[in-house]
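First the structure, in the form of structure tokens, and then the observations on it.
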Amino acid sequence: MRDINFKIIENKKIARDIYKMILAGDTSDIKNPGQFVNVKLPFQYLRRPLSVCDYNDGELTLIYKTVGSGTNFMSTLKNGDVLSILSGLGNGYEIIKSDEPVLIGGGVGIPPLYALAKRLIENNIRPEIILGFNNFEDVFFEEEFKALDLNVKIATLDGSYGSKGLVTDFIKNNQYAYACGPLAMLKAVYKKIHDGQFSFEARMGCGFGVCMGCSMKTNSGFKRICTDGPVFKYSEIIWEND
Amino acid sequence: MRDINFKIIENKKIARDIYKMILAGDTSDIKNPGQFVNVKLPFQYLRRPLSVCDYNDGELTLIYKTVGSGTNFMSTLKNGDVLSILSGLGNGYEIIKSDEPVLIGGGVGIPPLYALAKRLIENNIRPEIILGFNNFEDVFFEEEFKALDLNVKIATLDGSYGSKGLVTDFIKNNQYAYACGPLAMLKAVYKKIHDGQFSFEARMGCGFGVCMGCSMKTNSGFKRICTDGPVFKYSEIIWEND
Amino acid sequence: MMIDLSTELSGLKLDNPVIPASGTFGYGLEFAKIYDLNILGSISIKGTTKDARFGNKLPRIAECYAGLINSVGLQNPGIDHVINNELPELRKIFNKPVIANISGFSVDEYVYCAERMDKISNVGIIEINVSCPNVHGGGITFGSDCEKVFEVTQAVKKVTHKPVYIKLTPNVTDIVKIALSAEEAGADGISLINTLLGMRIDIKTHRPIIANKTGGFSGPAIFPVALRMVYQVHKAVNIPVIGMGGISCAEDVIEMMMAGASAVQIGAANLIDPLACKKIIEDLPKLCERLKIQRLSDIIGITD
Amino acid sequence: MMIDLSTELSGLKLDNPVIPASGTFGYGLEFAKIYDLNILGSISIKGTTKDARFGNKLPRIAECYAGLINSVGLQNPGIDHVINNELPELRKIFNKPVIANISGFSVDEYVYCAERMDKISNVGIIEINVSCPNVHGGGITFGSDCEKVFEVTQAVKKVTHKPVYIKLTPNVTDIVKIALSAEEAGADGISLINTLLGMRIDIKTHRPIIANKTGGFSGPAIFPVALRMVYQVHKAVNIPVIGMGGISCAEDVIEMMMAGASAVQIGAANLIDPLACKKIIEDLPKLCERLKIQRLSDIIGITD
Ligand SMILES: Cc1cc2nc3c(=O)[nH]c(=O)nc-3n(C[C@H](O)[C@H](O)[C@H](O)COP(=O)(O)OP(=O)(O)OC[C@H]3O[C@@H](n4cnc5c(N)ncnc54)[C@H](O)[C@@H]3O)c2cc1C
Ligand SMILES: Cc1cc2nc3c(=O)[nH]c(=O)nc-3n(C[C@H](O)[C@H](O)[C@H](O)COP(=O)(O)OP(=O)(O)OC[C@H]3O[C@@H](n4cnc5c(N)ncnc54)[C@H](O)[C@@H]3O)c2cc1C
Ligand SMILES: Cc1cc2nc3c(=O)[nH]c(=O)nc-3n(C[C@H](O)[C@H](O)[C@H](O)COP(=O)(O)O)c2cc1C
Ligand SMILES: Cc1cc2nc3c(=O)[nH]c(=O)nc-3n(C[C@H](O)[C@H](O)[C@H](O)COP(=O)(O)O)c2cc1C
Ligand code: FES
Ligand code: FES
């Protein structure tokens, strides 16, 4: 974990309320897909946690949805603007050898699955991709995953694009799942599968393990989503937190 | 009074801790020398009151000393940056016909006297200028006043430039005085003269007459420095406020 | 969609819930130069006392993170002057009932001022400030004591037919108890919060910035405290609450109303942006539309 | 100019006045990865209770203007675990005495924890949190009542030889009275302030953002309230005060010490900038030089 100044080199809208921001800076603290960063914005007190969507030497990609004051402000930033970012937070996904695992993302849960897909491919694993959205206008990153030559399935709630329904409709028996998305989606996926990894969200005070703002009960005790997660194994998860 | 966006076209250091900022924008609310503006800065809650140093159609000049968080931040601003400014506050100086009046300024009390000098000249009055500073390194605007072809006298406390001593040493009997500077200077000037106008400062909540943060007792009742002043006539002033 | 912004305070119908707070709007004259005051729900005038007051020594203002401290000390021209000059002037530019904010240094003074204000036709509500932190011997000492609040409220109620709102100080252990005392004594509503007691020191001179040492802290910084108190008091009492403390945008208004405010007052925001109330009133219908709120008064106290 | 930053708390000499505040620094492990903890004056560890606690439901965090609300609810592994694991771990990376912050739900629990901490060699001060707003039945109810504060303080003092600091809640009418009760009961010092009780509502769902509805509000927004209370309490008591509440830079430290703090704690600032304490410690000598302060302890309570 380090606080690093990143310079914006791209910040553009890619779907309804969804923006892609590419930043230049030292990414060496990011080790695994599924990790996140915590972004300081000048007019907000708390930092904003965002998943690493993609990273390489010196470039970081974030995908964010404008939902409130912070993300709305982010969407007004220009190339060249500099952001202070706590980089390399959380543990991220672990690469598990398995035949055709499935990556299941809902809405802004999708971004971390992109870096994960690339990492799986590097490990000679070709995952299946299932993306869920509310509506056609919300769809993003279909092309990016296809460009990795992966099998991409899309579900929309209202059927305006892909299949009408839920991501869970596509899950085959015994697939190892890597999931990220709203809590309701995670729960539904959990019920359909037998093993996998799930990425959780919480309102965070710090993002690096010291405030106990993001605690969650697991089978291996109380865990901090920010530091012990955000990705948890199937076997650890209990749902009684809510 | 109006809240107007001004764009910075110059912001440069002109003496120790003293900066000159020129802004482009609608100056039509400024009617008189001695008025001030109230500058909104992004990380400060209250606006910062600064005297109008010079103004013309579309251009406003401010001179400020870096003394705290707000003015220090101002000194980092770049050409093209935009500031929200409440323009045209206070009443300013009234032009009184008199032979060789004297304009007496101390430190950052000097800026408003510049626009005043120009206005007096427009009215065919040629004032004498007395400027007081602590030290040679603090001196600014000597050349600007000289360029108006005025007689400029400079006093420094430590004698490192001009005469050693106080501005009051230069005042001749019966001169009509326009003064702006620290309270101690104003009081000393007041004692030496028989008529004139004095510009006051106060920590201001609003700058436009509604919070009663800047009240002062005068011979004509309770007055607000921001709205009834900042310039008060010799005959109105009583000093028991402090 | 036509959004209904109207709300009600003890029978007094307001076109919208936005009211400039006492002490931050003078008597409206300065604002009338830049917008038509009649867009406002009402106006709470500067705190009036029996006699004219200069108030405290300068400096009276100190800046804070997200707010300011003031120690004006109830500067005002006294109730005679207010009734004979300021209120008639205000009536010329504002054709709705106003809220007369009054202060006193004894129960008798409150009663005297309330009795006088009772006869003024454009006064719609009498707001009893038992919470000013900037004067000694009165003000805050009343507002932090249940029995005193009861006593003042009851005494004032006896001499006026207009709705009486008690404006409470947040500098207390249990705001609900105090509010309940006011209600029990017959208050028609509660205004809260007044300022938090705060202080700043000039580190260059190591002297307090405010001549009076401490003063009243307000602005966006105090919003979460204000919201909590409005929420608690609204749940406890059966009379309307006017919510205030740090409100600076339409979102804050909605949040305060959800917590339980029937109307809101805007204080410090007016000082920073003289158009603050106007902008909030213009933003409210747009925000209601986004939040699918058809009638603003429906959200009062909607939060469980 | 060599600046002397050292200060003293009840005989405990600190290299500098900067102490991370309880609950915002964990047990130091995460920070030790990014700087050497030994630059700190001391460390106040996360509030410890007799038994392990998960704390409150999520969400526990809400953002505010210039601050945040937390309702962690004293999550901690319980005193046995803290004594057997966290404190020994901390000792490996921090070679100075720490401040053991303890909480309880009854006088007996406070006494139990204090007795246990009394035996731990790297505990320099026991800080009794009678002010946590996030738990029911204990915490804040103790801290807002003079007699309870007296009782807890006296009981704890009986079982420990270490200096006992009572950490007070700002959510009271008269902080001075409470502090005097603690002093009278034998407290060696006062820590203040804990968080202000605050609330936020999500206007999209009209539900409180915090699962527990209200929570403790801290950060720069509360600085003027904290400063005022430190000033008032320092003037009233004869024991040292540790000042905290919104401190985020070296200037704030100086201001708080001028108000009367012998040392300061840094809370929320650590969450936003993990290097906050380090930066403050590095900035202090430079700022002292500019302000011509040769020995920092000289300014404690210098403001009249
Ligand atoms: C580990 C993690 C990874 C995330 N990755 C992404 C991502 O890749 N893309 C994306 O669009 N969003 C992501 N989110 C959600 C994102 O953090 C919030 O949408 C964002 O903080 C909202 O900020 P705001 O100022 O616009 O909203 P506001 O509602 O104004 O924010 C107010 C406060 O609430 C917090 N908050 C609000 N919504 C959420 C939320 N859903 N989760 C956590 N905190 C929240 C904010 O951080 C802030 O502290 C992630 C969240 C977490 C915890
Ligand atoms: C009518 C008027 C005209 C002024 N004209 C000029 C000018 O032309 N050039 C110039 O350099 N300065 C001028 N000043 C002083 C200037 O306003 C302050 O130096 C400035 O506000 C300091 O801001 P800061 O954030 O740097 O200091 P900080 O100390 O961080 O400011 C904290 C708060 O105190 C207020 N404050 C601090 N010092 C003063 C002061 N001396 N007077 C009033 N408020 C103060 C600030 O406005 C702010 O609210 C004028 C003041 C007034 C009232
Ligand atoms: C400069 C100033 C003067 C005030 N004067 C009064 C007053 O005379 N009577 C009163 O009841 N409240 C007074 N208040 C308190 C406000 O009406 C309001 O309760 C408080 O400031 C909280 O709102 P805000 O955070 O929006 O400012 C004053 C506040 C300020 C900032
Ligand atoms: C996330 C969080 C957890 C806290 N936990 C504790 C605690 O366990 N015990 C305690 O005495 N104070 C606790 N506090 C209060 C702080 O120690 C401090 O008193 C308060 O936050 C004010 O300082 P600040 O404004 O610098 O944060 C906590 C504060 C925060 C923000
Ligand atoms: S957000 Fe602070 S511990 Fe996880
Ligand atoms: S600064 Fe508000 S009345 Fe003058």
Side-chain angles (χ1 to χ4, degrees), chain B residues 1-5 29 37-49 65-73 84-90 183 200-218 221-230 238-242, chain C residues 20-31 33-34 46-47 52-77 81 134 200 202-204 209-211 215 217-221 246 248 267-276 279:
Chain B
M1 184 250 298
R2 264 192 309 160
D3 190 2
I4 290 168
N5 283 331
D29 296 82
V37 299
N38 218 351
V39 182
K40 181 77 187 118
L41 300 169
F43 301 102
Q44 255 65 43
Y45 190 65
L46 295 176
R47 291 172 181 259
R48 297 305 192 250
K65 181 170 180 180
T66 51
V67 297
S69 49
T71 47
N72 277 314
F73 177 80
S84 143
I85 293 182
L86 281 185
S87 176
L89 302 178
L183 203 60
F200 286 79
E201 275 190 11
R203 291 192 179 238
M204 293 184 171
C206 64
F208 54 93
V210 303
C211 76
M212 303 295 138
C214 66
S215 296
M216 146 163 154
K217 291 180 186 159
T218 73
F222 305 161
K223 298 285 176 179
R224 295 160 299 183
I225 290 175
C226 67
T227 312
D228 305 313
I238 48 183
W239 296 99
E240 60 138 321
N241 280 285
D242 44 283
Chain C
S22 179
T24 63
F25 210 72
Y27 302 93
L29 303 180
E30 291 75 15
F31 292 92
K33 290 179 198 147
I34 54 171
K46 174 68 195 167
R53 288 175 54 83
F54 174 66
N56 294 323
K57 281 197 175 169
L58 262 54
R60 295 176 176 180
I61 301 286
E63 156 144 318
C64 306
Y65 302 94
L68 77 155
I69 293 173
N70 89 80
S71 84
V72 169
L74 292 174
Q75 175 172 357
N76 81 96
H81 201 277
N134 293 320
R200 291 302 304 274
D202 182 338
I203 60 171
K204 287 183 205 145
I209 290 181
I210 298 283
F217 175 35
S218 72
S248 20
N270 292 306
L271 310 183
I272 305 317
D273 179 1
L275 294 175
K279 288 179 186 165

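Just so you know, these numbers use all the heavy atoms, side chains as well, and skip hydrogens, waters and symmetry mates. Here is how names work: the chains are called A, B, and so on, in the same order as the sequence lines, proteins then strands, and each is numbered from 1. Here the structure is a predicted model, which means the values were calculated and not measured.
- Remark: C:Lys46 fails to qualify as a cation-pi partner of C:Tyr27 under the 6.0 Å distance and 45° angle criteria applied to the six-membered ring.
- For B:Thr227 and C:Glu30, the side-chain atoms include no donor-acceptor pair closer than 3.5 Å.
- Residue with the most contacts toward chain B among C:Ile61, C:Ile209, C:Asn270, C:Ile34: C:Ile61 (heavy-atom pairs, distance under 4.5 Å).
- Residue B:Met204 touches chain C through its backbone alone, counting heavy-atom pairs closer than 4.5 Å.
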- Message: Determine whether B:Asp3 and B:Arg47 satisfy the following criterion, salt bridge (Lys or Arg N to Asp or Glu O under 4.0 Å), listing intermediate values before the conclusion.
- Response: CA-CA 11 Å; B:Asp3 190 2; B:Arg47 291 172 181 259; 3.3 Å; yes
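- For a residue to count as touching a neighbouring chain, one of its non-hydrogen atoms must lie under 4.5 Å from one of that chain's; by this rule C:Ala268 touches chain B with backbone and side chain alike.
- Heavy-atom pairs under 4.5 Å with chain B were tallied for C:Ala52, C:Pro59, C:Ala66; the largest tally goes to C:Ala66.
- With a 4.5 angstrom heavy-atom cutoff, C:Phe31 touches chain B only via side-chain atoms.
- In this structure, chain B has heavy atoms under 4.5 Å from both the backbone and the side chain of C:Pro274.
- Of the inter-residue distances, the one linking B:Tyr45 atom OH with C:Ser248 atom OG reads 6.0 Å to the nearest 0.5 angstrom.
- Here the CG-CG distance, from B:Leu89 to B:Asp29, works out to 9.0 Å after rounding to the nearest 0.5 Å.
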